[in-house]
Every structure is written in structure tokens, then in C-alpha cells.
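Just so we're clear, the structure is a prediction, and the values are computed from it rather than from any experiment.
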Amino acid sequence: MQYPRLLFIADCYKYTHAAMYPDNVEEVYSVLYCRKPGLDLHTLNGHIVAFGMRQAIIKLESLYAEFVSYPKEELKQALHFLYSDFMKLDSTQESYAFLIQKWLDLPPKMPILFKALPEGTFVRPNTPIITIECKESAHCWFVNFVETYLNSELWKACFVATKAALFKRIEYDFLGRYLDESYNFHDFSQRGMNGIADCYASAMGHLLFFSGTDSVMALQNICDNYGGDVRHIGSIPASEHSVMCMGGKEGEVETFKRIMRAFPLSMVSIVADTWNLWEIIQALRDDKEAYTMINTRAYPIVIRPDSGDPYEILTGDYNASDERARLGVIRLIDSYFGLDKVRIIYGDAITTERARSIYAWCKQHQYDPTTFLCFGVGSCAYNSGIRDDVGLVSKMTWIKINGKSQHLIKNPITGGYKMSLSGKVALKPNREVLQFLDDTIADDVLTHDLHLPSFEAMRAYSKQEFLRAITS
């Protein structure tokens with residue numbers, strides 16, 4: 001039996017809460033926010049990037065529409081499967097029939113109202129990202145039912161966007177300005193994500209701040225949701241180890257030549273560490289034809305060393321026995337070809353710490369890495385996190401019961417750091433968080449407008465927010 005997907009989006013305990021509510025609950029209100037992020041955010045002045053809210057809500061609306069379109073008899077079968085077969089509830093209990101009926105009584109339109117921050121907003125801890133409200137007493141239970149879904153859909157999108165902003169800060173600190181179109185950090189993470197759908201939702205976070213990606217699911221997302229305008233993003237042709245191995249170790253220089261001939265009018269990235277990185281760089285310098293091809297091309301080639309400690313490989317290993325390894329790839333390429341003819345991409349185990357240390361070395365040695373060096377940012381950075389890294393939580397903070405508005409607050413004596421926000425909330429343009437009972441805040445940054453912005457507008461807003469956050 002194919003059951004509606006909406007029935008499977010929450011933690012199991014959410015399915016019985018409707019039977020636990022007091023009878024006289026009239027309205028409820030919940031807040032999704034970053035409570036206590038675990039990431040080191042000092043270079044962003046403590047900010048998390050809020051991203052992915054609208055796509056998550058739009059997807060939820062689609063799941064809801066699918067649910068209410070199902071025939072009632074099929075829904076009853078699905079609900080019996082959940083409550084009786086799986087949860088082992090006794091169907092003679094009054095609560096059993098009550099819970100089933102709650103689902104069957106859901107209206108054609110989802111009975112909750114959302115407000116969300118603009119996509120790409122930089123927020124400090126305890127700043128509301130989404131508010132969720134229900135003013136229909138019969139359906140108040142549904143607000144907290146969607147909590148699991150929103151957390152699981154959003155935390156990775158916020159995590160990747162925040163990580164990308166941390167890489168952007170490295171570039172910004174070196175240049176002293178914001179680079180609008182930057183290929184200095186390139187998304188390599190698709191193969192390391194938790195499935196293609198995970199990459200679809202989260203890889204857009206990288207593109208808020210950078211133009212280069214090999215995560216084609218981000219391209220699919222742009223086509224699906226942002227009009228398909230890809231003028232300011234992209235990638236280039238690139239080899240991999242299988243391509244290099246096909247020509248054999250003795251034919252590695254010929255493989256380089258073949259690849260260069262195949263792409264004479266574009267940059268092309270070529271793996272250089274299939275066997276001996278230092279020997280192939282030397283061979284390309286010593287082979288007259290290869291050297292001439294490199295120096296007369298319309299566009300540079302990009303050498304990709306991809307194994308070992310990126311700092312030592314790029315900047316030099318002073319303990320190496322090979323003089324070329326002691327120099328490192330940057331100085332070796334510079335002396336053999338010039339960094340305008342051969343550029344470098346390194347895509348193995350790149351972290352913010354490693355990238356920052358390499359940028360610092362470049363500055364010390366009077367190199368501008370933004371002109372010749374690209375880091376491939378893979379799952380080591382973009383799939384290394386958990387929800388606690390962004391601190392994403394959802395809490396019910398307000399209720400109307402028997403006609404009276406009340407603050408709700410979680411404040412455990414055994415864990416004060418888990419104290420929740422309370423009441424209804426708003427975010428002022430100066431980023432002050434307001435908590436109140438029944439007021440209406442006219443200039444709330446949170447908005448009922450859930451339309452997706454254009455891709456370019458979203459990038460421009462993220463830039464504005466980045467510059468605000470690092471100077472606030």
C-alpha cells in the first residue's frame with residue numbers, strides 16, 4: 001500500500017500529542033531558532049546563516065496537499081497501520097479514535113501560518129528564523145507535528161551556508177573586500193552528502209557566496225526554483241584518476257597533452273598525483289611539446305594535486321628529501337611555468353583552518369591566492385556537521401487557552417542552556433529580538449511572504465548580510 005508521505009515526517013511521539021492537549025486550547029505558536037550553535041563562529045561575530053526556510057515550507061505544503069487528496073478510506077488504512085500495527089495502540093481506547101479523527105478532519109488548506117526571515121539572513125543565537133502559528137483550535141496539534149520535519153530539512157542548509165560564509169571570510173580578510181563572483185572555493189561535496197536529495201537542498205548554501213560548484217544538484221535546484229539563471233556560476237572540464245590511469249604511468253605526459261588538445265579554448269583541470277606529483281610537474285617542464293602547449297594556450301590549465309597534507313603539498317614540506325617537495329606546488333609551478341599559465345586546485349580534506357593557514361602563508365610570501373589557487377570544498381567541510389553545530393531547535397512559546405494568552409517557557413534546572421524563548425517573537429531591523437504576548441510589530445524582519453526570491457537577489461542580500469554581520 002502506498003501511503004501519503006506526510007504521515008512519516010515526524011518523530012513517533014508527535015503522533016499522540018493531540019490526545020494530551022487540554023480541551024480548551026484555542027491557539028498555539030512555536031518558534032524555530034538557533035539556540036546554542038556548536039560551530040566556531042568568531043570570524044562571523046557569532047552569526048549563523050539562516051537559509052532554506054522557503055523551500056522547506058513549500059515542500060511541506062506539497063506533502064500536505066498530497067495527504068488531503070487521498071481518499072478517506074485509504075487514509076484510515078494508513079492511520080490504522082501507524083497507530084495500531086506500528087504503535088500498538090489499543091483501538092478500543094477513546095484516544096485512538098480521537099487521534100484518527102484529528103487526521104481525517106484536517107482541512108484542505110494547511111491550518112498553520114508561517115513567518116520566516118529572508119533567505120541568507122545572518123542571525124545570532126536565540127534569533128527566530130521561522131514562527132509557526134495556528135488559530136484554529138481543532139488543529140493546534142499540527143504545529144508541533146511539523147517540528148521534526150522543519151529541523152531535519154533546515155539544519156544542513158543552514159550549516160552549509162554558514163560554512164560557506166566562513167570560507168568567504170577567509171577570502172574577504174585577504175582581499176579586504178567582498179568578491180562578487182568568486183571561484184576560489186569550489187563545491188566538491190555532492191558525492192559525500194547523505195544522498196542526492198540532501199545535496200539538492202544544502203548545496204545552494206555554497207552558491208550564496210561563491211560561483212563555482214561541481215554539485216550539479218545545486219544546478220537542478222536553481223532550474224526548479226530560481227529561474228535557471230546560471231550566468232554567474234559554473235565549472236570547467238576536469239579529469240580524474242581513471243582518465244589519467246588509462247594512459248599508463250609512462251604515458252602520463254601524453255595524457256596531459258591529449259586533454260589539453262581536447263579543450264584548447266577553455267580552462268581544464270588535470271589530476272597530477274596519480275603517481276608521482278613532483279615527477280609529472282618536472283616532466284611537463286622538461287617535455288618541449290608539453291611546455292610549449294602550456295605556454296601558448298588561450299587559457300591556463302589547472303593542476304590538481306589531491307593527496308596528502310594540503311598545507312605541506314602546496315607550501316612545501318621542509319622535511320622532504322625531494323627538493324621539489326620542499327618547495328611545494330605553489331613555488332614549483334611559479335618557477336617552472338608561472339601561475340598565470342598553470343593554476344592550482346586542491347580538493348582533499350579542505351577545512352577553514354587549513355584554507356586560512358595556506359592563505360596566511362601566501363600573504364607572507366607575497367602571493368595572491370585569489371588569482372591562481374582554488375580550494376575544492378568537499379564533505380570534509382560540508383557534511384561534517386550535526387544539528388547541534390547550528391543549534392537549531394523548535395519550541396512552543398505561546399498559547400491561548402480559555403481566551404487568555406500565556407507565555408510558555410522551557411527552563412530546566414538541570415540544563416539552563418536549554419531555556420527557551422517565550423511568548424510571540426519579532427526581529428527588529430536593528431536585529432533586536434522582541435518577546436511579547438499580543439502586540440503586533442510593524443517592522444518585523446520575519447515576514448509572511450514565502451515566495452522564493454530570484455537567485456541574484458538572494459546572493460545580493462547574502463552579501464549585504466555578510467558585510468553587516470562581520471562589522472556588527
Side-chain angles (χ1 to χ4, degrees), residues 170 174 184-186 188 238-260 267-297 299-351 353-378 380:
I170 296 169
F174 182 88
N184 296 319
F185 292 84
H186 193 93
F188 273 9
S239 75
E240 65 175 10
H241 290 289
S242 64
V243 173
M244 306 311 293
C245 288
M246 287 178 184
K249 185 176 181 180
E250 297 304 317
E252 191 173 12
V253 172
E254 293 304 316
T255 299
F256 265 80
K257 294 177 189 177
R258 183 172 67 250
I259 293 170
M260 285 191 280
M267 293 176 65
V268 59
S269 171
I270 308 176
V271 170
D273 70 329
T274 301
W275 294 286
N276 188 318
L277 172 65
W278 313 111
E279 289 294 341
I280 188 58
I281 294 174
Q282 185 70 53
L284 291 170
R285 174 64 181 84
D286 293 343
D287 186 280
K288 188 174 295 185
E289 184 182 21
Y291 184 75
T292 300
M293 289 175 70
I294 289 170
N295 278 280
T296 58
R297 282 175 56 84
Y299 294 89
I301 65 167
V302 184
I303 289 283
R304 180 154 75 98
D306 210 31
S307 305
D309 183 306
Y311 185 86
E312 290 185 349
I313 298 299
L314 292 172
T315 70
D317 178 1
Y318 293 103
N319 296 315
S321 57
D322 190 317
E323 171 62 24
R324 297 164 301 193
R326 288 197 295 274
L327 279 174
V329 170
I330 293 173
R331 285 184 289 195
L332 192 61
I333 292 294
D334 188 27
S335 64
Y336 279 10
F337 308 99
L339 292 166
D340 59 329
K341 296 297 183 182
V342 177
R343 297 183 183 177
I344 304 163
I345 185 167
Y346 200 104
D348 182 48
I350 295 300
T351 64
E353 295 79 13
R354 286 171 175 154
R356 186 172 285 279
S357 66
I358 292 165
Y359 264 54
W361 180 93
C362 287
K363 187 171 186 178
Q364 180 185 354
H365 291 81
Q366 298 182 328
Y367 284 106
D368 181 355
T370 66
T371 63
F372 67 85
L373 177 61
C374 176
F375 287 116
V377 183
C380 179

Worked verdict on Thr371 versus Leu339 for side-chain contact (heavy atoms from CB on, under 4.5 Å)
CA-CA 8 Å; Thr371 63; Leu339 292 166; 6.0 Å; no
List the steps, then state whether side-chain contact (heavy atoms from CB on, under 4.5 Å) holds for Val271 with Val243.
CA-CA 9 Å; Val271 170; Val243 173; over 6 Å; no
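The two atoms that bring Ser239 and Ile270 nearest to each other are OG-CA, 3.4 Å, heavy atoms only. Residue Ala290 comes nearest to Met260 through the heavy atom pair O-CE, 4.3 Å, listed as atom of the first residue, atom of the second, then distance.
Listed by chain and number, the residues in a ring-ring contact (aromatic ring centres under 6.0 Å, His included) with His241 amount to none (sequence neighbours excluded). Evaluation of the salt bridge (Lys or Arg N to Asp or Glu O under 4.0 Å) rule for Arg258 yields no partner, not counting sequence neighbours. Every residue meeting the side-chain hydrogen bond (donor to acceptor under 3.5 Å, both in side chains) condition with Asp368, not counting sequence neighbours, appears here in chain and number order: Thr370. In this structure, the side-chain contact (heavy atoms from CB on, under 4.5 Å) partners of Arg356, at least two apart in sequence or on a different chain, are Thr43, Arg169, Ile170, Asp173. Contacts of Tyr359 classified as side-chain hydrogen bond (donor to acceptor under 3.5 Å, both in side chains), with partners at least two apart in sequence or in another chain: none. Scored by the ring-ring contact (aromatic ring centres under 6.0 Å, His included) test, Tyr336 finds no partners at all (sequence neighbours excluded). Annotation: salt bridge (Lys or Arg N to Asp or Glu O under 4.0 Å) contacts of Asp306 (sequence neighbours excluded): Arg304. Under the side-chain contact (heavy atoms from CB on, under 4.5 Å) criterion, Glu353 pairs with Thr351, not counting sequence neighbours. Among residues two or more places apart in sequence or in another chain, the salt bridge (Lys or Arg N to Asp or Glu O under 4.0 Å) test is passed with Glu279 by Arg324. Scanning for ring-ring contact (aromatic ring centres under 6.0 Å, His included) contacts around Phe188 gives His186, with sequence neighbours left out. Under the side-chain contact (heavy atoms from CB on, under 4.5 Å) criterion, Glu289 pairs with Lys257, Arg261, Asp287, Met293, not counting sequence neighbours. For Ala283, the side-chain contact (heavy atoms from CB on, under 4.5 Å) criterion is met by Val253, Ile280, not counting sequence neighbours.
Between Ile344 and Pro305 there is a side-chain heavy-atom pair separated by less than 4.5 Å. Within the 4.5 Å cutoff, side-chain heavy atoms of Ile358 are placed close to those of Pro310. Within the 4.5 Å cutoff, side-chain heavy atoms of Tyr299 are placed close to those of Met267. Val342 has its side chain out of reach of Leu284: every pair of non-hydrogen atoms, C-beta onward, lies at least 4.5 Å apart. A heavy-atom distance below 4.5 Å is not found between the side chains of Ile313 and Asp348. In this structure, the side chains of Val268 and Arg297 come closer than 4.5 Å at one or more pairs of heavy atoms. Between Ile330 and Trp361, some side-chain heavy-atom pair lies under the 4.5 Å cut-off. With contacts defined as side-chain heavy-atom distances shorter than 4.5 Å, the pair Met244/Phe256 qualifies.
Taking the six-membered ring where the residue is Trp, Phe375 and Phe185 present tilted rings, their angle falling between 30° and 60°.
Separating the CG atom in Asp340 from the CG atom in Asp334 is a distance of 9.0 Å, to the nearest 0.5 Å. Between atom NZ of residue Lys249 and atom CG of residue Asn276 there is a gap of 6.5 Å, rounded to the nearest 0.5 Å. To the nearest 0.5 angstrom, Asn319 atom CG is 10.0 Å from Arg326 atom CZ. Distance CD1/Ile303 to NZ/Lys341: 14.5 Å, rounded to 0.5 Å. Here Ile301 contributes atom CD1 and Phe337 contributes atom CZ; the two are 7.0 Å apart, rounded to the nearest 0.5 Å. To the nearest 0.5 Å, atom CG of residue Leu314 and atom CG of residue Leu327 are 13.0 Å apart.
The closest donor-acceptor contact from the side chain of Arg331 to the backbone of Thr315 lies under 3.5 Å.
Heavy-atom neighbours of Glu323 CD from other residues, nucleotides or ligands within 6.0 Å: above the threshold of 12.
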